[in-house]
Amino acid sequence: MMWDLVRELESLRREMERAFENFGADFGIHPWFRTAFLPGRAARAYPMLNISEDRDAVYVEALAPGLDTETLEISVLNNRLRIAGEKQALSKDIKPEAFHRSERSAGRFVRTIDLPTEVDAEKVTAEYKNGMLLITLPKAEAAKPKQITVKVA
Amino acid sequence: MKETTTVPVKAEKQVPETREETRTLTPPVDIFEIDDGLAVVVDLPGVDKSGVDIRVENNILTIKGTVDHKTAGDPVYKEFELLNYYRQFQLGEKVDQNKIHAEMKGGVLTIYLPKVEEAKPKKISVKVS
């Protein structure tokens, strides 16, 4: 009973997040424009993700420049993908008064997402290229589309 | 009949282009002073080293990034759009164009803009008599 309530609240929260995520899209404002100058950057979902799929696999792309690849942790459990890592901060030697602009955020992040289909957690591969994290998650055999032949009597 | 006066228009373009025709993204930047000039750090995810174009004309710094990325499969869920990057800055001090250098690592571009000798702060020693 208690569990259900928690689940309900969680789904409601996500529903609201989704509603606000699209806010501003109608005016042709790109999410980056809207958020770049807003406070509380760290509270947003980071990194931003795109998900695509074909017959054999699900592909997750994350926009994450300047990652410290040593700290990167990617895991799949119960069809949920978890990405954790750290974006390198600038050298601590730079004095605060030397800054003219400071728009890039840095620090640790964790993000978890539900995958659209069942995947084979054993065969997941990831690549970090030009500041983008590309994760390939092969679909589980059970989730692949099956061709059904029609017998003509 | 009234004599028409024409305003002389300079044929040469004084200011470089400040608009791009296509839709672009504005990348977030950090700009800070270093010993001999300025450092500009730009987040350009999805841009390869060869896709970066940096120039300084008439004290305007232009940063362009061409995205080189192909997405596999059909989109299911989308949070970001990969477009080319474009951003310009008006520079205050004179920058030594020959000494500009930049490096690219993991989608982060760092540009060093050294000041010309005359724009550097001069240390004046005070003689105490």
Side-chain angles (χ1 to χ4, degrees), chain A residues 18 21-22 28 30-33 35-37 41 44-69 87-91 93-106 113-117 128-134 136, chain B residues 23-52 61 63 65-87 89-93 103-111 113:
Chain A
R18 218 165 292 156
E21 245 167 40
N22 289 325
H30 192 269
W32 252 20
F33 275 111
T35 51
F37 304 106
R41 274 174 295 185
R44 277 190 301 127
Y46 185 92
M48 285 200 276
L49 303 171
N50 274 0
I51 304 174
S52 60
E53 67 172 336
D54 60 16
R55 272 179 62 98
D56 304 313
V58 175
Y59 306 95
V60 176
E61 297 172 345
L63 214 55
L67 279 199
D68 183 353
T69 43
K87 186 178 174 188
Q88 277 169 329
L90 287 169
S91 160
D93 301 335
I94 306 160
K95 288 183 193 133
E97 59 265 32
F99 276 95
H100 290 283
R101 272 170 200 265
S102 182
E103 299 166 358
R104 299 165 66 249
S105 46
I113 52 151
D114 289 319
L115 294 165
T117 50
Y128 187 62
K129 194 187 163 203
N130 293 336
M132 285 181 77
L133 185 62
L134 312 164
T136 308
Chain B
R23 221 151 61 84
T24 52
L25 288 175
T26 306
V29 299
D30 281 349
I31 302 176
F32 53 91
E33 301 267 343
I34 46 173
D35 286 343
D36 57 349
L38 282 172
V40 181
V41 184
V42 196
D43 274 350
L44 296 170
V47 178
D48 186 61
K49 198 176 153 189
S50 59
V52 182
L61 169 70
I63 303 159
T66 311
V67 170
D68 171 33
H69 179 69
K70 273 224 170 79
T71 303
D74 304 315
V76 180
Y77 173 71
K78 219 169 178 187
E79 285 180 353
F80 66 87
E81 202 177 354
L82 268 188
L83 296 171
N84 290 341
Y85 298 92
Y86 187 83
R87 196 157 178 185
F89 294 100
Q90 176 87 51
L91 300 171
E93 272 108 347
E103 53 192 60
M104 187 84 180
K105 198 192 160 212
V108 179
L109 173 74
T110 308
I111 312 166
L113 302 159

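In what follows, every chain begins at residue 1, and chains take the letters A, B, ... in the order their sequences are listed.
Both the backbone and the side chain of B/Val29 come within less than 4.5 Å of a heavy atom of chain A. With a 4.5 Å cut-off on non-hydrogen atoms, A/Ile94 touches chain B through its side chain but not through its backbone. Residue contact with chain A, scored on non-hydrogen atoms closer than 4.5 Å, involves the backbone of B/Leu44 exclusively. Residue A/Ile113 does not touch chain B at all, counting heavy-atom pairs closer than 4.5 Å. For A/Pro96, no part lies near chain B; criterion is any non-hydrogen pair under 4.5 Å. With a 4.5 angstrom heavy-atom cutoff, B/Val41 touches chain A via backbone and side-chain atoms both.
A donor-acceptor pair under 3.5 Å is absent between the side-chain atoms of B/Asp43 and the main chain of A/Pro65, judged by distance alone. One N or O on the side chain of A/Asn50 and one on the backbone of B/Glu79 form a donor-acceptor pair closer than 3.5 Å. Judged purely by atom type and a 3.5 angstrom limit, A/Asn130 has no side-chain atom pairing as donor or acceptor with the backbone of B/Gly106.
Atom CZ of B/Phe80 and atom CE of A/Met132 lie 4.0 Å apart (nearest 0.5 Å). Annotation: the span from A/Ile51 atom CD1 to B/Thr71 atom OG1 amounts to 12.5 Å, rounded to 0.5 Å.
In this structure, the side chain to side chain contact (heavy atoms under 4.5 Å, CB included) partners of A/Tyr59, at least two apart in sequence or on a different chain, are A/Ser52, A/Asp54, A/Ala57, A/Thr136, B/Ala72. Shown here are the ring-ring contact (aromatic ring centres under 6.0 Å, His included) partners of B/Phe32, two or more places apart in sequence or in another chain: A/Phe99.
Per-residue heavy-atom pair counts under 4.5 Å with chain B were compared for A/Gln88, A/Glu97, A/Glu53, and the maximum is reached by A/Glu53. Taking B/Asp48, B/Asp68, B/Thr110 one by one and counting their heavy-atom pairs under 4.5 Å with chain A, the maximum is reached by B/Asp48.
Other residues, nucleotides and ligands contribute only 12 or fewer heavy atoms inside 6.0 Å of the CG atom of B/Asp35.
Minimum interatomic distance between A/Glu103 and B/Asp30 (heavy atoms only, all atoms of both residues): N-OD1, 3.0 Å.
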